[in-house]
J.: 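Got a structure for you, written out below as structure tokens; questions coming shortly.
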2 protein chains.
Amino acid sequence: MTGHTQRGQCAKRMSILDAAADVFCRQGFAAASIDEIAAVACVSRQTIYNHYREKETLFVAVVEDVMNRANAMLFSVLSAFPDNADNLEDDLTVFVVRLNKNCLCNHDGKFLRKLVQTEGERYPHLFESWRQHGPGKLTTALSALLARLAQKGALVIDDFDVAARQFVALANADLQMMTLFGGTPTDAELEKAARNAVRTFLRAYGRPPAENAGAQPQLAAVSG
Amino acid sequence: MTGHTQRGQCAKRMSILDAAADVFCRQGFAAASIDEIAAVACVSRQTIYNHYREKETLFVAVVEDVMNRANAMLFSVLSAFPDNADNLEDDLTVFVVRLNKNCLCNHDGKFLRKLVQTEGERYPHLFESWRQHGPGKLTTALSALLARLAQKGALVIDDFDVAARQFVALANADLQMMTLFGGTPTDAELEKAARNAVRTFLRAYGRPPAENAGAQPQLAAVSG
DNA sequence: GACCTCTTAGACAATGGCGTCTAGTTTTAC
DNA sequence: GTAAAACTAGACGCCATTGTCTAAGAGGTC
């Protein structure tokens, strides 16, 4: 019955949430002013207080909103990995590119990492759920994925959890500094970083592709 | 002539700097109040304004102070790596433990990472110098160290810069999440993380120790 | 003791942001 | 068309903080 109003309200809400995410991310919770958020959202200040009781309520809503988006995207990227990996190196590289581009280095990823550092101590419960559903889910899902690949004989891994964490770490190795300083990697940089990460990961955990075991393994493929 | 007075002033200055670092790190620049800094430093507010013209001046001084300490510590850890590495795995493990404990996961490291994220965009010049002298120096020094080890035949590396970044990334793989959430790793966790990192790094870039080239390399040492 | 510098505690105006309220306008529902 | 709901613009009180100023105290040298 209130469909139209809901749509109008919903648009306002999203506009407010987007603007608040922008301002909170740039300024931090304390320095962000409601007036600036209202200006960015092209909305009256009273409208914000109409939707959210106070500044902290708005902040919590923003974080939860971004968390939901980020989790959905993470799930999407994770489930896009092919079940039958025919070319492991290429498949992993595509996966790492997508992971970096859509989850780790994108707008929401930077927002969450930044906010969890600045306000994490002040809102432990808020980010604890993100910790479980975000990075926690990532490592467990990756761990399961690596276990599957190991069972197929494509990888040789003793500790799947450690390998999963190292996989993520390697995927970020080349981009960490850039993202720390606010930069956004280009597609070429993403591709290069992913290739470096996957190559090293496979050099550590990969198996020689052929059945002639004992032959020169991946290690000797270092070309220089 | 004013030697005693100078010492007293110096003590006050350090007390102020320490307190300000503490408060700035916890609250961020905007939310940190001069009164709280004064209270933590056990100093009158006027004394702070006596030493530093305004809040921003104090902030810059704090960041520079921490940067200097961090750089000195980094240099110390880097130069502690033995010239003649007899047992590469153990030497690297000790090195990673020291790196994490004294540079990356310690008080100053967390402070700089946090502040560079929260205030980096507002003070680009301030943290640009840290970027060069901190992480920049670390990767170049590590790159040189790896090149030295490769020349000795202990490692097989095609791109030293990439390997250096990956080394740091692996060193942080197990601790990243903990430090992101403000926790401090125990000695046992540091040891374990370092061992995992070095083992994987050597699995990727290591050389079989013996001269019987072509034999089963490190890859087969996976015990499970 | 006289003097000088640093420090302290507190008062002070000025600023700015938060959250409330009101009056007036637009949009939506029926 | 009308009524209800939502939005806008702006004023308002309140509070925290910044940075200045003043009067008094502490510690040192000569």
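Since the model is a prediction, treat every value here as computed from it, not as a measurement. We name chains A, B, ... by the order of the sequence lines, and we start the count at 1 in each one. For the numbers below, each heavy atom of this structure counts, side chains included, while hydrogens, waters and symmetry mates do not.
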J.: From the options dG19(C), dT18(D), dA9(C), select the nucleotide whose nearest atom is closest to the side chain of Tyr49(B).
T.: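 So the side chain of Tyr49(B) is nearest to dT18(D).
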J.: Nearest to the side chain of Arg45(B), heavy atoms from C-beta on, is which of dT8(D), dC18(C), dT20(D)?
T.: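 The listed nucleotide nearest to Arg45(B)'s side chain is dT20(D).
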J.: What's the NZ-P distance between Lys55(B) and dT20(D), to the nearest Å?
T.: 14 Å
J.: Let me know, please, whether Ala31(A) or Arg53(A) comes out on the 5' side of the other along DNA chain C by nearest nucleotide.
T.: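 Looking at the nearest nucleotide for each, Ala31(A) comes out on the 5' side.
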J.: Ignoring backbone atoms, test whether Lys12(B) places a side-chain nitrogen or oxygen under 4.0 Å from the OP1 or OP2 oxygen of dT5(C).
T.: no
J.: Would Arg131(A) and Phe181(B) count as a cation-pi pair here, with the cationic atom under 6.0 angstrom from the ring centre and within 45° of the axis?
T.: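 Verdict for Phe181(B): a cation-pi partner in Arg131(A).
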J.: CD1 of Ile34(B) versus P of dA16(D): gap in Å, rounded?
T.: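 Ile34(B) atom CD1 is separated from dA16(D) atom P by 17 Å.
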J.: Please check: side-chain N/O of Thr200(B) versus main-chain N/O of Asn196(B), any donor-acceptor pairing under 3.5 Å?
T.: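 Yes, because the side chain of Thr200(B) sits within donor-acceptor range (under 3.5 Å) of the backbone of Asn196(B).
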J.: Would you kindly give the CZ-to-P distance between Phe24(B) and dT17(D), to the nearest whole Å?
T.: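 Rounding to the nearest Å, CZ of Phe24(B) and P of dT17(D) are 13 Å apart.
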J.: Would you say a side-chain N or O of His51(A) is under 4.0 Å from OP1 or OP2 of dA6(D)?
T.: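 No, no such contact exists.
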J.: From CD1 of Ile48(B) over to P of dT18(D), roughly how many Å is that when rounded to an integer?
T.: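 That distance rounds to 10 Å.
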J.: Within the 4.5 Å heavy-atom criterion, are Phe160(B) and Leu142(B) side-chain neighbours or not?
T.: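 Phe160(B) does not reach Leu142(B) side chain to side chain.
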J.: Can you check the Asn50(B) CG to dC6(C) P distance for me, whole Å?
T.: 7 Å
J.: Whole angstroms only, please: what is the CD-P distance between Gln46(B) and dT5(C)?
T.: 16 Å
J.: Quick check: any donor-acceptor pair below 3.5 Å linking the side-chain of Glu54(A) to the base of dC18(C)?
T.: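 Between dC18(C) and Glu54(A), which were checked side chain against base, a qualifying N/O pair under 3.5 Å is absent.
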J.: Are the aromatic rings of Phe127(B) and Tyr123(B) close, with centres under 6.0 Å apart?
T.: no
J.: Ala30(A) near the nucleic acid: base, sugar-phosphate alone, or nothing, with a heavy-atom cut-off under 4.0 Å?
T.: nothing
J.: May I have the distance from Gln27(B) (atom CD) to dA16(D) (atom P), rounded to whole angstrom?
T.: 15 Å
J.: Checking contacts here: which listed nucleotide (dT20(D), dC7(D), dT20(C)) is nearest the side-chain heavy atoms of Thr47(A)?
T.: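 Among dT20(D), dC7(D), dT20(C), the one nearest the side chain of Thr47(A) is dC7(D).
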J.: Side chains of Asp187(A) and Lys192(A): closer than 4.5 Å at any heavy-atom pair?
T.: no
J.: Output the rounded distance in Å from CZ (Arg13(A)) to P (dA6(D)).
T.: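 So the CZ-P distance, Arg13(A) to dA6(D), works out to 11 Å.
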